[in-house]
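Naming: A, B, ... by sequence-line order, numbering from 1 per chain.
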Number of protein chains: 2
Amino acid sequence: MSLVLPSTGRRVPCEQCPLRKRAAFRDFSAAELKFVSSFKTGELTAEAGAVILSEGAHSAHLFTLLSGWAFRFKMLDDGRRQILNYLLPGDLVGLQGSVIGEMEHSVEALSPLVLCVFQRDRLDELFRHHSGLGFDVTWLAAREERMLDDHLLSLGRRTALERAAYLLAFLHERAQSVGLGNGTVHIPLTQQHVADTLGLSIVHTNKTLRKLTNKGLIRWMGRSCEVLDALELRRVAGWEGPFERVRPLI
Amino acid sequence: MSLVLPSTGRRVPCEQCPLRKRAAFRDFSAAELKFVSSFKTGELTAEAGAVILSEGAHSAHLFTLLSGWAFRFKMLDDGRRQILNYLLPGDLVGLQGSVIGEMEHSVEALSPLVLCVFQRDRLDELFRHHSGLGFDVTWLAAREERMLDDHLLSLGRRTALERAAYLLAFLHERAQSVGLGNGTVHIPLTQQHVADTLGLSIVHTNKTLRKLTNKGLIRWMGRSCEVLDALELRRVAGWEGPFERVRPLI
DNA sequence: CGTTGGCTTGAAAACCATCAAATAGGGTGG
DNA sequence: CCACCCTATTTGATGGTTTTCAAGCCAACG
């Protein structure tokens, strides 16, 4: 469950990347596309439950998630786990490790993944010769910061019900923006993941999700959650957070 | 209390910046220093309690904090407040607003401040002509992310006592690294700030801080906190977080 | 058909918020 | 200088929220 499968080599050329065609991502110039394409050394696939990056690792790789769901998390010595954020297609994975030099969180797959693998040691080349892409990397880091700010507000000042509503509205919003789920969005989570995101026990999480289910806002199906009324979830959470903006895809 | 005082113009030349001499910050090349110096348009002073940047503002400025303490926060509609992180000398202020275009949090001064003011519209020039500085901006954003990750772990999975110990150890560590307080560090906070950082009520915060006081780890003095035993605070928190690294100062 | 992982529920205990009130200190106007 | 007000801190009592403990259900899978 914790092994990363060997790379299967390149399959999706950046110029024909199916993600890039989506309106959620900004257009790249030919020169930018060419660099990104050369920056990518291959692809990596992983199965659900696989640990992609581990806390403490020094030579962490840099990836972009091409398809699938994953999450970042940290653990305390006694086993308590906190999920920090979720990773969806188009997200950079491992930037902290690449820039600062050491990973301080781990990354685990929620579903089967495909990742684009980049050459970390060419990151400075990216900044030197494609300053627009360098700015984009900063933009993506600022976007992550914005999400973490929202999560902190949630953990610190929202009630259990508000937190749960916020989380599901948030994940629904992100899934929508990259075109996951035709019509209804299915989020591949267990209630344990929700608990470890919201800072609640599994028991109380279950009771809280039941309230949302009884209001007809979500439906829990095996290992996944279907969002039925995203706007009402936002209202319950008191979340006026922004809808996703057009963003770069590296 | 919420007015930013007018700029007092340039007083500290970047080449003789007292902060830059500290071991906490990496050496800059002459070219880098020259650019940063031209990037800076002046200084801004603010008194304790002043709001430097407001949620929702579109034309946010970009600053570096030269001296003093401040904090970033968000609010819910009904007045609940969450403090997201603290700003100490050397920290970039307003990067999210500068990069993404809109502030989604506010910034307030905890003590009298001096800020270096930068021309936001020359940020692309920084990335174009000084890729090393562009990388530095990303590095600082990744550092902020790392701190937010730690805070999320704290809010989600630590007990009230552990959270309080973590926060004070964290602030002590940061103050030490920029040379605040000769010998003992004094953190300019009220218990309301601590409560709004830890996601606790003011009453419970008071009782929790009292336990740390009774253990001889801190001393509460009026509107500030003195850390007496930072290592024991870390131990109580179970925080093995990194000591500050050498970092860029823009 | 037994095992496993995920979901569900009830009861008791711990934790934390809220309410209420008292204390202490700084600042201001008289 | 003193009376007064304001903010910050402190403490006790009470009630609500959440955790912990315990148990049971169900579907998937060998």
Side-chain angles (χ1 to χ4, degrees), chain A residues 1-2 47-49 71 76 78-83 108-111 154-165 167-168 186-214 218-226 236, chain B residues 1-2 47-49 71 76 78-83 108 110-111 154-165 167-168 186-215 218-226 236:
Chain A
M1 281 293 274
S2 71
E47 54 187 3
F71 62 92
L76 290 173
D78 60 3
R80 284 176 282 180
R81 178 176 77 168
Q82 178 62 38
I83 293 182
E108 186 177 320
L110 273 174
S111 71
S154 215
L155 282 187
R157 288 307 185 203
R158 277 195 248 256
T159 66
L161 189 71
E162 290 169 344
R163 276 183 236 185
L167 175 64
L168 296 173
H186 285 263
I187 305 170
L189 282 176
T190 67
Q191 297 191 355
Q192 185 65 63
H193 290 119
V194 176
D196 287 348
T197 308
L198 303 185
L200 299 171
S201 71
I202 176 79
V203 172
H204 196 60
T205 298
N206 178 274
K207 289 167 182 168
T208 303
L209 290 174
R210 178 133 301 281
K211 287 182 191 170
L212 292 178
T213 302
N214 291 342
I218 62 169
R219 185 156 41 186
W220 205 268
M221 315 170 67
R223 304 168 48 93
S224 83
C225 174
E226 183 181 335
V236 170
Chain B
M1 278 294 273
S2 69
E47 53 188 1
F71 63 91
L76 290 173
D78 60 2
R80 285 176 282 180
R81 178 175 76 169
Q82 178 63 39
I83 293 182
E108 184 177 321
L110 273 173
S111 71
S154 215
L155 282 187
R157 289 306 185 206
R158 276 193 249 255
T159 66
L161 189 71
E162 290 169 344
R163 275 183 237 184
L167 175 64
L168 297 173
H186 285 262
I187 305 171
L189 282 177
T190 67
Q191 296 190 358
Q192 185 65 62
H193 291 120
V194 175
D196 287 346
T197 308
L198 303 185
L200 300 170
S201 70
I202 175 81
V203 173
H204 196 63
T205 297
N206 178 273
K207 288 167 182 168
T208 303
L209 289 174
R210 177 130 303 281
K211 286 183 191 170
L212 292 178
T213 303
N214 291 342
K215 284 171 187 264
I218 62 169
R219 184 157 40 187
W220 205 268
M221 313 170 68
R223 304 168 49 92
S224 83
C225 174
E226 183 181 336
V236 170

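For the residue pair A:Val236 and A:Glu162, the shortest heavy atom distance occurs at O-CG, 3.5 Å. Nearest heavy-atom pair, B:Leu110 versus B:Pro188, reported as atom, atom and distance to 0.1 Å: CD2-O, 3.4 Å. A:Gly49 and A:Glu108 make their closest contact through O-CG, 3.6 Å (heavy atoms, listed as atom of the first residue, atom of the second, distance). The heavy-atom pair separating A:Glu47 from A:Ala109 by the smallest distance is O-CB, 3.5 Å. Nearest approach of A:Gln82 to B:Gly156, heavy atoms of both residues: OE1-CA, 3.2 Å. Between B:Gly199 and B:Leu155 the shortest heavy-atom distance is N-CD2, 4.0 Å.
Between B:Leu200 atom CG and B:Gln191 atom CD the span is 11.5 Å, to the nearest 0.5 Å.
In this structure, a donor-acceptor pair under 3.5 Å is present between the side chains of A:Thr190 and A:His193.
Look at B:Arg157 and A:Asp196 and you find a salt bridge, because one of the NZ, NE, NH1 or NH2 atoms lies within 4.0 Å of a carboxylate O, short of that distance.
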Nucleotide-resolved protein contact map, nucleotides 22-30 of chain D, B/S/- at heavy-atom distance under 4.0 Å: ---------
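Rounded to whole angstrom, the span from the CG atom of A:Leu209 across to the C1' atom of C:dT9 amounts to 15 Å.
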With the criterion being N/O to N/O and under 3.5 Å, what pairs connect the protein with nucleotides 16-18 of chain D, and how long is each?
| residue | atom | partner | partner atom | Å |
| --- | --- | --- | --- | --- |
| D:dT18 | OP2 | A:His204 | NE2 | 2.8 |
| D:dT18 | O5' | A:His204 | NE2 | 3.4 |

Hey, what are the protein-to-nucleotides 2-7 of chain C N/O distances that come in under 3.5 Å?
| residue | atom | partner | partner atom | Å |
| --- | --- | --- | --- | --- |
| C:dG6 | OP1 | A:Arg223 | NH1 | 2.9 |
| C:dC7 | OP1 | A:Trp220 | NE1 | 2.7 |
| C:dC7 | OP1 | A:Gly222 | O | 2.7 |
| C:dC7 | OP2 | A:Gln191 | N | 2.9 |

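Remark: A:Arg223 CZ is loosely packed, at most 12 non-hydrogen atoms of other residues, nucleotides or ligands lying under 6.0 Å away.
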